[in-house]
Structure formats: C-alpha cells, structure tokens
Amino acid sequence: MYKDPLTPSPAAPQDLRHIVVSGPSGVGKGTLIQKLLDAHPNTFGLAVSHTTRKPRPGEVHGVAYFFVSPSEFSSLLSQGEFVEYACFNGKYYGTSKQTIDEQASKGLVVMLDIEVEGVKQMKENPSIEARYIFIKPPSLEVLEARLRGRGTENEEDIQRRLARAKVELEYADSQSNDKIIVNDNIEKAYHELDAFVFGPV
C-alpha cells in the first residue's frame with residue numbers, strides 16, 4: 001500500500017528525553033506542538049505551565065495554564081517546585097516538577113513550551129535530560145505582523161515582545177540547540193519538527 005513519505009510512523013520516538021520547545025512569542029510554537037499532539041495521540045504529554053497572568057478568552061485552567069495568584073506562585077517557588085521560571089511583563093511563568101512527573105508517569109514523552117530564560121535554567125540543571133528545539137520567525141517583520149494579527153496585546157506589549165524576541169534570537173544563534181526550525185510555512189515547519197522528534201537518536 002502506498003505510504004506518503006511525509007506521514008510519520010505512529011511508533012514512539014526512539015529518543016524518549018523531554019522535548020523543550022522555545023522561541024519568540026507569536027512564532028507559532030503552540031500551533032506546532034498541538035499539531036504534533038494531534039498527530040500522535042497517547043505519545044506526548046504537555047507540561048502545562050503555571051502563570052500569574054489572567055486567562056485570555058477561551059483559555060481553560062489546567063489546559064492552557066495553571067492560573068495562580070502571585071502569592072501561590074511565590075510559595076511554590078520558595079519550595080523549589082519549579083524546574084524553570086521566568087518573569088515577563090510583570091507576570092510570572094513556571095513549569096513545576098509535578099506536572100512533568102505526572103506526564104512521565106503515564107509513559108508519555110514530556111513536551112515543554114517555555115521561554116528562553118527557562119531554557120537556560122534547564123540546561124544548567126544536570127538532572128534534566130532533554131532535547132532543545134528553537135522555533136524562529138522568517139524575520140522580525142513577519143513576527144510583528146503575527147503579533148499584531150493576534151489582537152491580544154496593546155502597542156506597548158507588542159514593542160516589549162519584539163525587543164525580547166531580538167534577545168531570544170541572539171541567544172538561539174549563539175547557543176547550541178538540537179534543532180532550529182524556521183517557521184515560514186506551518187506545514188513545512190511541522191514536518192521538520194516531526195522528522196526531528198521521530199528521527200534517529
């Protein structure tokens with residue numbers, strides 16, 4: 001029977017380390033990760049982050065994020081519950097050890113969608129074994145257009161995100177990632193992501 005060469009194998013990845021996906025806000029990380037989860041059910045577990053920001057319309061607690069108060073976040077942080085955390089626009093984001101352990105205990109390959117600051121922290125932790133993927137925009141101009149198209153940020157936030165994106169892109173170019181994918185076409189970028197995740201160890 002003919003098999004589309006782009007159709008991935010349904011088998012689990014050969015490399016079972018955590019998969020850490022980072023990249024500027026608006027670059028399409030969430031879309032690419034969701035496509036991977038949809039294409040391979042019962043293979044990956046997304047480590048849902050905690051955040052002190054308010055939910056956006058349609059975001060569900062425990063699915064998009066665990067929405068917590070600043071005091072709750074501070075308490076978890078002081079107890080050493082986060083493997084990584086970062087502050088952006090005065091709001092905190094972090095990934096708890098518990099959410100990672102819960103996914104791993106189900107036999108799933110854990111996926112994390114985090115900021116570059118979090119990547120730095122994870123890379124410095126010798127107990128964490130992971131593969132690091134950075135998603136780049138074709139250009140800052142394209143990224144700006146995507147951010148404006150979302151309609152979720154005001155002008156000040158957009159400028160702040162663009163400034164942060166420049167720093168993140170410089171970091172990606174200077175540090176070793178296991179894979180850098182330019183998202184100039186979502187289907188092309190997805191197939192590149194899929195091929196890497198399911199590629200040889």
Side-chain angles (χ1 to χ4, degrees), residues 8 12-40 42-51 62-66 73 76-77 80-88 91-137 143 161 164-183 186 189-201:
Q14 297 176 46
D15 191 327
L16 300 178
R17 289 179 294 170
H18 303 333
I19 298 170
V20 178
V21 182
S22 63
S25 178
V27 80
K29 300 186 299 292
T31 301
L32 289 168
I33 289 171
Q34 192 58 54
K35 285 175 75 68
L36 196 69
L37 297 177
D38 291 343
H40 304 280
N42 306 315
T43 301
F44 303 101
L46 186 61
V48 178
S49 299
H50 287 64
T51 184
V63 177
Y65 287 97
F66 291 109
F73 195 98
L76 289 168
L77 184 60
E81 290 299 316
F82 292 116
V83 295
E84 62 84 24
Y85 76 98
C87 181
F88 182 64
K91 308 300 182 187
Y92 283 89
Y93 299 80
T95 307
S96 71
K97 296 173 184 175
Q98 183 179 347
T99 190
I100 291 176
D101 291 344
E102 284 175 357
Q103 299 299 335
S105 69
K106 299 174 187 175
L108 302 173
V109 176
V110 182
M111 295 199 72
L112 297 90
D113 174 357
I114 64 176
E115 302 286 337
V116 163
E117 285 304 314
V119 169
K120 293 177 184 177
Q121 293 167 39
M122 291 189 72
K123 283 189 172 183
E124 290 171 0
N125 188 334
S127 69
I128 296 174
E129 293 189 357
R131 292 191 283 170
Y132 295 89
I133 302 169
F134 189 88
I135 311 297
K136 291 180 74 170
L143 184 67
R161 289 188 184 280
R164 188 183 184 96
K166 291 177 183 176
V167 174
E168 292 175 334
L169 290 168
E170 287 171 7
Y171 174 79
D173 289 338
S174 66
Q175 297 296 314
S176 59
N177 284 280
D178 296 296
K179 181 70 175 176
I180 293 179
I181 297 172
V182 177
N183 184 15
I186 196 69
Y190 168 68
H191 286 303
E192 204 172 332
L193 173 64
D194 189 280
F196 171 75
V197 169
F198 285 88
V201 176

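Along the sequence shown, the residues carry numbers beginning at 1.
Contacts of Glu170 classified as side chain to side chain contact (heavy atoms under 4.5 Å, CB included), with partners at least two apart in sequence or in another chain: none. For Tyr92, the ring pair (Phe, Tyr, Trp, His ring centres under 6.0 Å) partners two or more places apart in sequence, or in a different chain, are Phe73. Glu81 is linked by a salt bridge (charged side-chain N to carboxylate O under 4.0 Å, His left out) to nothing, counting only residues two or more places apart in sequence or in another chain. In this view, Asp15 and Arg17, Arg131, Val201 satisfy the side chain to side chain contact (heavy atoms under 4.5 Å, CB included) rule, not counting sequence neighbours. Under the salt bridge (charged side-chain N to carboxylate O under 4.0 Å, His left out) criterion, Lys120 pairs with Glu117, sequence neighbours left out. For Tyr65, the ring pair (Phe, Tyr, Trp, His ring centres under 6.0 Å) test picks out Phe67, Tyr93, with sequence neighbours left out. Applying the side-chain hydrogen bond (donor to acceptor under 3.5 Å, both in side chains) test to Ser127 and every residue at least two apart in sequence or in another chain returns Asn125. In this structure, Asp101 has no side-chain hydrogen bond (donor to acceptor under 3.5 Å, both in side chains) partners at least two apart in sequence or on a different chain. Remark: Asp178 pairs with no residue by the salt bridge (charged side-chain N to carboxylate O under 4.0 Å, His left out) rule, at least two apart or across chains. Remark: Gln34 pairs with Asp38 by the side-chain hydrogen bond (donor to acceptor under 3.5 Å, both in side chains) rule, at least two apart or across chains. Every residue was checked against the side-chain hydrogen bond (donor to acceptor under 3.5 Å, both in side chains) condition with Glu129, not counting sequence neighbours, and none meets it.
The aromatic rings of Tyr85 and Phe82 are tilted relative to each other, their planes meeting at an angle between 30° and 60°. Using cut-offs of 30° and 60° for the angle between ring planes, the His50 and Phe66 rings count as tilted.
The closest side-chain heavy-atom distance from Leu112 to Met122 is below 4.5 Å. Contact of the Val197 side chain with the His40 side chain is not registered, since no non-hydrogen atoms from C-beta on lie closer than 4.5 Å. Put simply, the side chain of Gln121 does not reach to within 4.5 Å of the side chain of Ile128, judged on heavy atoms. Asp194 places a side-chain heavy atom less than 4.5 Å from the side chain of Leu36. You'll find the side chain of Leu46 stays beyond 4.5 Å of the side chain of Gln103, heavy atoms only. Taking 4.5 Å as the limit, every side-chain heavy atom of Glu115 sits out of range of all side-chain heavy atoms of Phe88.
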Which donor-acceptor pairs under 3.5 Å do side chains of residues 18-31 form with protein atoms, sequence neighbours excluded?
from  : atom 1 : to     : atom 2 : distance (Å)
Ser25 : OG     : Arg150 : NH2    : 3.1
Ser25 : OG     : Arg161 : NH1    : 3.1
Lys29 : NZ     : Gly23  : O      : 2.9
Lys29 : NZ     : Pro24  : O      : 3.3

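The two residues Ala165 and Leu143 make their nearest non-hydrogen contact at CB-CD2, 3.5 Å. The minimum heavy-atom distance linking Val182 with Ala189 is given by the pair O-CB, 4.3 Å. The two residues Glu192 and Ile180 have their closest heavy-atom pair at OE2-O, 3.9 Å. Smallest separation of non-hydrogen atoms from Leu108 and Gly45: CB-N, 3.7 Å. Closest approach of Ser49 to Asp113, counting heavy atoms only: OG-O, 4.2 Å.
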Q | side chain to side chain contact (heavy atoms under 4.5 Å, CB included) evaluation trace for Val116 with Phe134 | A | CA-CA 9 Å; Val116 163; Phe134 189 88; 3.9 Å; yes
